[in-house]
Amino acid sequence: MTTKHILLLPGDGIGTEVVAATSRIIDWFSANGAVTFTTSEALIGGTAYDQTGSPLPAQTLTAAHAADAVLMGAVGGPQWESLDYSVRPERGLLGIRKEMGLFANLRPAICFDALADASSLKRELVSGLDIMIVRELTGGIYFGEPRGVKTESDGHRVGFNTEVYHDYEVQRIAHVAFDLAKKRGGKLCSVDKANVLEATEMWRQEVQKIGDEHYPEIALSHLYVDNAAMQLVRAPKQFDVMVTTNLFGDILSDCAAMLTGSLGMLPSASLGAEKNGKIPAVYEPVHGSAPDIAGRGIANPLATIQSFAMMLRYSFNLQAQADMLEKAVSDVLSSGIRTGDIMSAGCKQVGTDEMADAVLEQLEVASKKAAA
Ligand code: IPM
Ligand code: MG
């Protein structure tokens with residue numbers, strides 16, 4: 001029997017609730033499959049700062065490196081907003097991405113048929129939507145130097161950040177995106193602002209080069225980010241895989257999330273380069289810590305549960321189990337069970353734990369069916 005170790009990083013706000021709900025799903029797969037999962041917990045974000053003085057304690061990083069995969073909740077909250085940038089909860093998140101070399105952020109935006117009416121767009125624009133946004137995660141303006149705020153000799157303050165990309169950073173993220181496009185619909189759209197920003201003009205050229213040399217069968221297109229944002233809300237189904245910079249990916253993935261009906265539904269995977277047979281990986285919901293609803297047991301755990309499905313797929317190559325979990329989520333939605341964020345008339349509203357119960361119930365049904 002194979003054993004895999006998962007490090008849980010619940011973090012702040014609803015992070016603790018959605019990770020707790022998902023750990024029940026992990027336990028179910030551990031008891032009902034070919035792989036046993038062990039778990040342990042560590043601190044990240046504001047909670048970590050409060051207890052240790054750092055949003056990313058050294059022990060957390062050590063445990064993350066040692067684990068086979070990491071499942072994270074969310075970080076941040078109003079009580080930490082006045083802290084210095086260097087110790088803000090968000091630094092914990094950015095720090096773990098950088099320290100683990102998680103350069104590829106996969107953010108699928110899938111519209112479940114049962115939720116098509118929850119989208120702010122018309123049903124026909126989003127039903128059947130299945131986009132994969134590939135966001136570069138360890139470079140660009142998020143990490144570029146110089147950065148900061150200083151006071152000039154004339155007394156005026158000036159704030160500055162720097163967009164920096166090396167050709168190899170663009171090439172490796174392009175490979176990830178092209179490989180995904182190959183397994184999916186064979187289309188890749190690279191998003192930049194090549195008409196204004198030199199760094200992204202270089203991005204465009206490098207992506208084109210990788211395409212010409214290695215993936216002639218993939219239909220590659222390029223869009224400026226303003227047009228891409230517009231196209232995403234005008235006709236989102238034209239897209240298959242999108243690849244873009246750290247900052248543009250941050251923005252476009254929130255936009256794509258809303259197409260699916262709720263930010264509470266979107267999972268993500270952050271992957272690094274394979275080393276000694278292991279791919280460093282952190283899985284997390286795209287939504288944040290939602291301090292306004294934290295502690296009330298009403299958060300939607302489905303984005304985190306689906307992040308675990310991505311873990312089964314990308315870290316453990318358990319495709320059938322990943323399919324089974326994704327189908328269970330889809331069946332729960334079809335049965336009319338909803339958390340508040342995706343509630344609609346005629347459905348049954350439940351809390352975080354009951355939503356996990358409903359997923360577990362569907363998993364039981366599916367495994368009984370498979371055994372019969
Ligand atoms: C995300 C978040 C983070 C980001 C924040 C919390 C630092 O918005 O994962 O999309 O900007 O990357
Ligand atoms: Mg974001």
Side-chain angles (χ1 to χ4, degrees), residues 9-16 18-19 43-49 54-56 60 64 70-109 131-144 147 161-165 169 173 191 225 228-229 232 242-260 262-272 280-292 294 299 303-304 306-307 310-311:
L9 300 177
D12 308 322
I14 62 167
T16 55
V18 293
V19 168
L43 296 169
I44 195 165
T47 318
Y49 172 78
S54 161
L56 182 62
T60 297
V70 178
L71 183 72
M72 217 186 71
V75 299
Q79 66 269 54
W80 299 292
E81 264 164 26
S82 55
L83 289 177
D84 186 76
Y85 261 107
S86 62
V87 289
R88 287 226 192 135
E90 290 78 9
R91 299 309 299 180
L93 180 56
L94 297 173
I96 200 169
R97 290 172 179 170
K98 194 68 174 175
E99 293 296 327
M100 293 183 75
L102 309 173
F103 68 87
N105 184 213
L106 277 46
R107 295 189 165 182
I131 302 178
M132 178 68 88
I133 295 187
V134 180
R135 169 188 178 193
E136 199 289 327
L137 203 59
T138 50
I141 200 165
Y142 268 56
F143 296 95
R147 63 188 299 155
N161 290 88
T162 313
E163 172 85 332
V164 189
Y165 271 111
E169 293 178 285
I173 193 75
V191 178
V225 64
L232 262 179
M242 301 177 91
V243 64
T244 190
T245 63
N246 204 342
L247 179 63
F248 295 163
D250 178 48
I251 299 165
L252 293 182
S253 61
D254 265 29
C255 177
M258 207 50 225
L259 304 175
T260 69
S262 164
L263 195 51
M265 291 299 300
L266 275 207
S268 78
S270 303
L271 309 173
V282 175
Y283 298 84
E284 56 175 306
V286 170
H287 64 69
S289 58
D292 53 321
T304 314
Q306 294 187 94
S307 297
M310 291 187 85
M311 182 190 296

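Predicted model only: the values in this text are computed from it and were never measured. Counting convention: from 1, in listed order, for ligands and their atoms alike.
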Of all protein heavy atoms, the one nearest atom 4 (C) of ligand 1 is Y142 OH, 3.5 Å
Could you note down all residue pairs passing salt bridge (Lys or Arg N to Asp or Glu O under 4.0 Å) where residues 72-91 supplies at least one of them, sequence neighbours left out? none
Just which atoms of ligand 1 are under 4.0 Å from any heavy atom in R97? 1 (C), 4 (C), 9 (O), 12 (O)
Donor-acceptor pair, side chain of T47 and main chain of G11, under 3.5 angstrom: yes
By the definition side-chain contact (heavy atoms from CB on, under 4.5 Å), identify the one residue from L102, V282, L106 that meets it with L271. L106
The N/O/S atom of D250 lying closest to the Mg ion (ligand 2) is OD1
Does the pair I141 and N246 meet the rule for a side chain to side chain contact (heavy atoms under 4.5 Å, CB included), with working shown? CA-CA 7 Å; I141 200 165; N246 204 342; over 6 Å; no
Could you tell me the residue and atom name of the protein heavy atom closest to atom 5 (C) of ligand 1, and the distance to it rounded to 0.1 Å? L93 CD2, 4.2 Å
At less than 4.0 angstrom from any non-hydrogen atom of R135, what atoms of ligand 1 do you find? 1 (C), 4 (C), 9 (O), 10 (O), 11 (O), 12 (O)
Can you confirm, on distance only, whether ligand 1 has an N/O atom lying under 3.5 Å from any N/O atom belonging to D250? yes
Any non-hydrogen atom of R107 lying under 4.0 Å from ligand 1? yes
Write down the atom of M132, the atom of P108, and the distance for their closest heavy-atom approach. SD-N, 3.7 Å
Ligand 1 to E284 polar contact by distance, N or O atoms, under 3.5 Å: no
What is the minimum heavy-atom distance between A64 and I96, and which atoms define it? CB-CD1, 4.1 Å
